[in-house]
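Step one of this worksheet: look at the structure below.
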Amino acid sequence: MYNDTDESSALNLDWIYITSNAQFAHYQHRLTESPALGVDVETTGLDPKSDRIRLVQLATPNQPTLVIDLWQMTNWKPLADLLILPSIIKVGHNLKFDWQMLKVANLPLARPFFDTQLAYQALRKGIPDKSDLGYLVKRLLKVNLDKSQQCSNFSQPQLSLEQLQYAAWDAAYSLALSEVLRERLGHARLWAIAQLEFDCIPATASMELNGMYLDPTRWQNACTTLEKQKQEASNKFHSSLLIDRSVQMTLWPEQKPTLQYGINLNSSQQVQRALARAGLELKSTDQRSIIKVVERHPALPALLEWRRVSKVLDILNGLPKHRHRLTQRLHPQIFQMGARSGRFSCRNPALQTIPHQDLIRRCFTAPDGFVLIKADYSQIELRIIAKITKDPLLVKAYRTAQDVHRLTAALLMDKSVSLVTEEERRLGKAINFGLIYGMSAVRLQIEAQLKYGIILTKAQALHLHKRYFKLFKGVRLWHQRLKRRLYTDRVKHAPTLLGRVRRWQEQPKFNEWLNFPVQGTSADITKQALVNLLPCLNPDRVKLLIAVHDEIVLEVRSDLADTVARQLQQAMIDAAVPLLSPIPVVVDVSINSSWAVQ
């Protein structure tokens with residue numbers, strides 16, 4: 001046993017190095033009777049798919065921390081039985097990582113959890129801050145925690161006293177932090193949100209661990225198709241300006257030579273000058289500026305298309321480098337509260353940015369004998385708006401199962417719903433998803449073109465904007481109410497229906513103020529759906545792959561697809577109904593060989 005209490009007299013920092021099953025058995029009863037365990041692991045690296053666990057540290061209140069050397073233990077079952085006990089709260093910092101490493105080692109870590117990193121992030125209410133363990137210990141416990149051994153070699157045969165002490169203290173201080181954070185969560189009335197985040201840890205960890213398969217042949221075909229589309233858009237741009245692509249442009253000698261012929265569409269200066277020669281003087285050629293005047297020259301739609309395809313192609317070209325050498329799958333790093341709304345975010349690669357295009361999503365496939373099940377909430381944000389605003393038109397539309405986008409288009413254009421065209425419905429969709437968040441008429445004009453391919457004049461956008469708020473009185477009153485709170489009362493925080501809170505240090509923008517209660521509630525619902533789904537998951541039969549906003553994707557053994565699809569649909573409905581009733585909830589489910597709809 002080793003003891004060092006110089007850093008903090010408030011903590012018992014004793015620890016015991018466990019190197020045999022007999023030693024572990026001596027303390028097993030005490031561990032089993034503890035209400036909480038501080039849990040941490042030390043590993044040979046950070047990749048659960050290729051690295052190994054060396055140490056498991058277990059801290060209990062007012063007792064020495066056990067530092068268990070798994071490489072010297074002959075029987076892990078007693079430890080495995082302990083880690084799945086539902087009577088013990090497992091406390092840790094960034095438990096997602098510990099869960100993954102323990103899972104791969106056949107030492108599953110089961111709920112309930114308390115994650116000090118997630119707890120602190122919930123308390124920050126969307127205001128960015130560091131959240132690593134050393135920072136929190138210093139800020140909340142006033143202790144300088146020595147992390148110098150964090151990157152040391154835990155695969156060497158004999159571990160140093162410094163390594164063992166470092167390992168023990170990480171678990172012990174995580175447990176101490178949880179007491180401080182638990183009290184603060186209670187005072188802030190954020191316990192329900194924190195509990196939801198804790199419960200969602202296995203889902204987040206599973207998505208990272210499972211990854212998605214990128215079919216190399218389909219990927220190459222998609223890249224080839226997009227390259228052709230990019231070339232066609234470039235040709236249209238040049239032909240619209242009567243520019244001969246067979247010769248390299250030399251109109252502007254100050255420009256460095258390029259390997260391209262004609263206009264280099266990546267060069268804003270070359271584009272701007274080419275348009276000027278065609279009689280279109282623009283101060284800027286950024287997206288917004290082009291969209292505002294897109295109807296003034298046929299070269300402009302081609303330029304927008306070239307940029308759209310280029311962006312998608314950049315995303316697609318970057319995917320293969322993220323293939324894992326062992327699994328040949330993409331394993332993004334997922335941040336459970338990566339967005340200030342409470343939504344997930346991910347990177348390396350950013351799979352949440354994959355466009356909703358069958359050409360792209362068809363590249364993500366299931367292995368032989370499996371299918372992908374995709375389920376997404378139908379218009380969940382508009383349903384949340386209907387719940388919050390009680391707008392009569394929205395509430396009636398959803399309770400009578402009407403197509404809200406088609407209804408909006410019909411009302412704005414004074415025509416029967418049955419006569420609304422698909423383009424008009426897309427316009428209704430652009431208006432619904434734009435104006436509820438306080439979008440201006442000018443911004444509506446831009447978004448209609450950018451996201452839905454609909455060209456509006458400024459006068460048309462102004463007319464639609466005015467008419468929408470005249471018809472949808474509940475939305476208008478909601479906007480007015482929140483404007484008073486924002487600009488008169490100077491309130492700088494906003495809640496979701498479940499109680500998640502976002503706080504701003506400065507006065508927020510009105511669209512952010514409107515956006516958070518809706519997107520935050522949507523995030524709460526999706527996370528609860530993932531928690532509901534956990535009992536259905538099995539690494540051999542049903543894998544959770546990714547959650548993108550209001551969409552959940554599973555990889556399922558083919559013979560179980562229909563059953564699991566129903567379970568997924570019900571898990572998502574059960575998550576939303578308590579918050580949205582009496583607004584009905586609809587979940588669309590599809591079973592395919594790929595992530596694409598067809």
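Atoms considered below: every heavy atom in the structure, side chains included; atoms not considered: hydrogens, waters and symmetry mates.
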Residues Glu422 and Arg406 bridged, charged N to O under 4.0 Å: yes
Verify, without hydrogens or angle tests, whether Trp595 (side chain) and Cys363 (backbone) share a donor-acceptor contact under 3.5 angstrom. no
Flag, side chain of Gln567 to backbone of Cys536, donor-acceptor distance under 3.5 Å: no
Side-chain atoms of residues 480-491: list all donor-acceptor pairs with protein atoms under 3.5 Å, sequence neighbours left out, distances to 0.1 Å.
residue: Arg490; atom: NE; partner: Tyr487; partner atom: O; Å: 3.4

Rounded to the nearest 0.5 Å, what's the gap from CD on Glu424 to CD1 on Ile454? Could you check? 9.0 Å
Closer than 3.5 angstrom, by distance alone: can the side chain of Gln333 be matched with the main-chain N or O of Cys346 as a donor-acceptor pair? no
Rounded to the nearest 0.5 Å, what separates atom CZ in Arg467 from atom CD1 in Ile431? 11.0 Å
Indicate yes or no for a side-chain donor-acceptor contact from His238 to the backbone of Ser234 under 3.5 Å, with no hydrogens or angles considered. yes
If you compare all heavy atoms of Ala461 against all heavy atoms of Ala441, which two are closest, and at what distance to 0.1 Å? CB-O, 3.3 Å
Side chains of Val548 and Val553: does their closest heavy-atom pair fall under 4.5 Å? no
Looking at side-chain heavy atoms only, is the closest gap between Ile552 and Asp376 below 4.5 Å? no
Evaluate the side-chain proximity of Arg218 to Ser594: yes if any heavy-atom separation is below 4.5 Å, no if none is. yes
Given salt bridge (charged side-chain N to carboxylate O under 4.0 Å, His left out), test Asp391 with Lys473 step by step and report yes or no. CA-CA 6 Å; Asp391 184 278; Lys473 299 177 182 178; over 6 Å; no
Thr408 side chain near Arg425 side chain, heavy-atom distance below 4.5 Å: no
For the side chain of Arg383 and the backbone of Ser378, is there at least one donor-acceptor N/O pair under 3.5 Å apart? yes
Does Lys527 qualify as a cation-pi partner of Phe344, given the criterion of NZ or CZ under 6.0 Å from the six-membered ring centre and within 45 degrees of its axis? yes
Review item, side-chain donor-acceptor pairs of residues 568-586, under 3.5 Å, at least two apart:
residue: Gln569; atom: NE2; partner: Val587; partner atom: O; Å: 2.9
residue: Gln570; atom: NE2; partner: Asp574; partner atom: OD1; Å: 2.8

Is the backbone N or O of Phe516 less than 3.5 Å from a side-chain atom of Gln519, with the two atoms forming a donor-acceptor pair by type? no
May I ask you to say whether Arg343 pairs ionically with Glu381, meaning some side-chain N is under 4.0 Å from a carboxylate O? yes
Answer yes or no: is there a donor N or O on one side and an acceptor on the other, between the side chain of Thr526 and the main chain of His549, under 3.5 Å? yes
Say you draw a straight line from NE2 of His493 to CD1 of Ile127; how long is it, rounded to the nearest 0.5 Å? 12.0 Å
Could you tell me whether Arg361 and Glu551 have a side-chain N and a carboxylate O separated by less than 4.0 Å? yes
With a 6.0 Å cut-off (strictly less than), is the heavy-atom count around NZ of Lys415, excluding the residue itself, greater than 12? yes
Assess the pair Phe469 and His479: is the distance between their ring centroids shorter than 6.0 Å? yes
In this structure, is the centre-to-centre distance between the rings of His405 and Phe433 below 6.0 Å? yes
Without swapping roles, check the side chain of Thr457 against the backbone of Gln460 for a donor-acceptor pair under 3.5 Å. yes
Test item: Gln528 side-chain N/O and Ile525 main-chain N/O as donor-acceptor pair under 3.5 Å: no
Salt bridge flag under 4.0 Å for residues Glu197 and Arg500: yes
Side chain of Ser522, backbone of Val518: donor and acceptor closer than 3.5 Å? no
Nearest 0.5 angstrom please: Asp588 CG to Gln379 CD, how far? 9.0 Å
Nearest 0.5 Å, what's the CG-CZ distance between Leu265 and Phe237? 5.5 Å
Separation between CG (Asn266) and CZ (Arg307), nearest 0.5 Å, reads 9.0 Å
Does the pair Glu281 and Arg273 meet the rule for a salt bridge (charged side-chain N to carboxylate O under 4.0 Å, His left out), with working shown? CA-CA 8 Å; Glu281 297 280 353; Arg273 290 177 180 178; over 6 Å; no
